[in-house]
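Working notes, structure below.
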Protein chains: 2
Amino acid sequence: MRFCPDCGAPTALRQPPDDHRFRHVCTECETIHYQNPKLIVGAIPVWQDGRILLCRRAIEPRYGLWTLPAGFMENGETTAEAAARETLEEANARVKLDELYSLYNVAYMNQVHLFFRAQLLDLDFSPGVESLEVHLFEEADIPWDELAFRTVRGTLQHYFAERKKGDFHFSVTDLTPLAPK
Amino acid sequence: MRFCPDCGAPTALRQPPDDHRFRHVCTECETIHYQNPKLIVGAIPVWQDGRILLCRRAIEPRYGLWTLPAGFMENGETTAEAAARETLEEANARVKLDELYSLYNVAYMNQVHLFFRAQLLDLDFSPGVESLEVHLFEEADIPWDELAFRTVRGTLQHYFAERKKGDFHFSVTDLTPLAPK
């Protein structure tokens with residue numbers, strides 16, 4: 001942030017009184033502009049036979065890789081509404097949402113990822129504009145080496161492990177950056 | 001947002017291609033500036049004898065009312081780190097965090113609130129700059145009519161009900177606006 005969104009004057013990085021961090025502060029109107037983590041919310045859409053709906057990304061980052069339907073939560077919606085909307089947008093798929101299933105802290109990206117278990121309601125799905133293709137995968141066919149995000153991989157691993165036991169538990173996981181290759 | 005934080009030119013509300021919402025778009029550099037919900041994260045600090053630490057707010061909104069320690073999650077931290085930091089800042093109190101306990105969707109405020117169960121580690125607490133006083137309350141003494149936020153009230157009610165049963169479960173709640181009085 002170089003300019004004040006309120007008045008257009010230049011901003012400066014300053015530590016406000018009683019604050020512990022430097023903030024973007026307007027040099028004219030003195031408004032403090034905070035920056036905070038974003039929520040990415042998605043679904044695990046499961047068909048009646050146990051197959052999982054994945055989307056192959058038509059956008060960066062991770063163009064061409066597979067993901068659970070997920071995206072940035074919008075103002076004015078609940079987390080569950082965000083998960084259902086993203087599933088509709090990316091896969092033109094309708095779901096009935098079940099419990100919130102996983103939360104990932106991705107602190108180094110200033111993100112929190114949430115995934116809900118969900119029941120896919122019909123087979124009338126198709127790629128949305130952000131997807132190259134959408135496909136139902138059995139566990140044995142999940143493209144583990146072509147998944148777009150670690151939070152998707154972790155959520156799917158957790159889901160399949162617990163499904164075998166027939167017992168699902170909400171989990172919280174902290175991710176740290178991968179070492180450079 | 002009236003001006004572009006990147007280049008300082010005026011912004012306009014426009015619906016980008018393939019988007020379903022109007023966004024603040026720069027009229028010069030064409031950068032799309034998204035606005036997303038914020039996370040408010042807090043703790044339920046419980047002392048060994050079962051009393052709960054509450055803070056009386058020294059800031060608006062809800063100046064003078066009681067709250068669990070909580071505040072806006074910052075970039076670069078996990079949800080648990082945010083809860084511990086807020087407890088330290090508002091009550092100069094150290095906690096060992098337990099499970100994530102409640103999630104509130106406050107869609108009409110563009111917020112998601114999270115509260116963790118937590119063990120207060122010592123009695124050396126005191127008001128931080130955002131608190132008028134901090135106090136340990138037994139259940140019978142909780143100032144129910146002077147609580148600052150519905151998410152704090154709900155979390156405390158849920159906590160005391162489940163503590164009687166000795167069985168804690170993570171819960172998700174959607175809040176809708178209160179009717180005007």
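What you are looking at is a predicted structure, and each value in this text was computed from that prediction instead of being measured.
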Heavy atoms from other residues, nucleotides or ligands near CZ of B:Arg2 exceed 12 (cutoff 6.0 Å): no
Joint hydrophobic cluster, A:Ile32 plus B:Phe72, side-chain heavy atoms closer than 4.5 Å: no
CG/A:Asp49: more than 12 non-hydrogen atoms of other groups inside 6.0 Å: yes
Structural part of A:His20 lying under 4.5 Å from a heavy atom of chain B: side chain
Neighbour count above 12 (heavy atom, 6.0 Å) for A:Gln15 CD: yes
Greatest number of heavy atom pairs closer than 4.5 Å to chain A - which of B:Asp6, B:Val172, B:Val112: B:Asp6
In one Ile/Leu/Val/Met/Phe/Trp/Tyr side-chain cluster, 4.5 Å: B:Leu147, B:Tyr159: yes
Interatomic distance, A:Asn36 atom CG to B:Lys38 atom NZ [nearest 0.5 angstrom]: 4.0 Å
Interchain contact, B:Leu103 with chain A, by part (heavy-atom threshold 4.5 Å): side chain
CD/A:Glu28: more than 12 non-hydrogen atoms of other groups inside 6.0 Å: no
From CA spacing to verdict: ring-ring contact (aromatic ring centres under 6.0 Å, His included), A:Phe170, B:Phe170: CA-CA 8 Å; A:Phe170 173 64; B:Phe170 173 66; 4.2 Å; yes
Distance (rounded to the nearest 0.5 Å) between A:Glu74 CD and B:Asn110 CG: 10.0 Å
Contact check, side chains of A:Asn105 and B:Met73, non-hydrogen atoms, under 4.5 Å: yes
Flag if over 12 foreign heavy atoms under 6.0 Å of CG, B:Asp145: no
Residue among B:Glu89, B:Glu99, B:Met109 with most heavy-atom pairs under 4.5 Å to chain A: B:Glu89
Whether over 12 other heavy atoms sit under 6.0 Å from B:Glu138 CD: no
Winner by heavy-atom pair count (cut-off under 4.5 Å) against chain A, out of B:Ala80, B:Pro5, B:Gly76, B:Ala107: B:Pro5
Pair A:Leu39-B:Leu39, side-chain contact (heavy atoms from CB on, under 4.5 Å): steps then yes or no: CA-CA 8 Å; A:Leu39 281 156; B:Leu39 280 156; 3.8 Å; yes
Pairwise distance CZ(A:Phe3) to SG(B:Cys7) - rounded to 0.5 angstrom: 7.0 Å
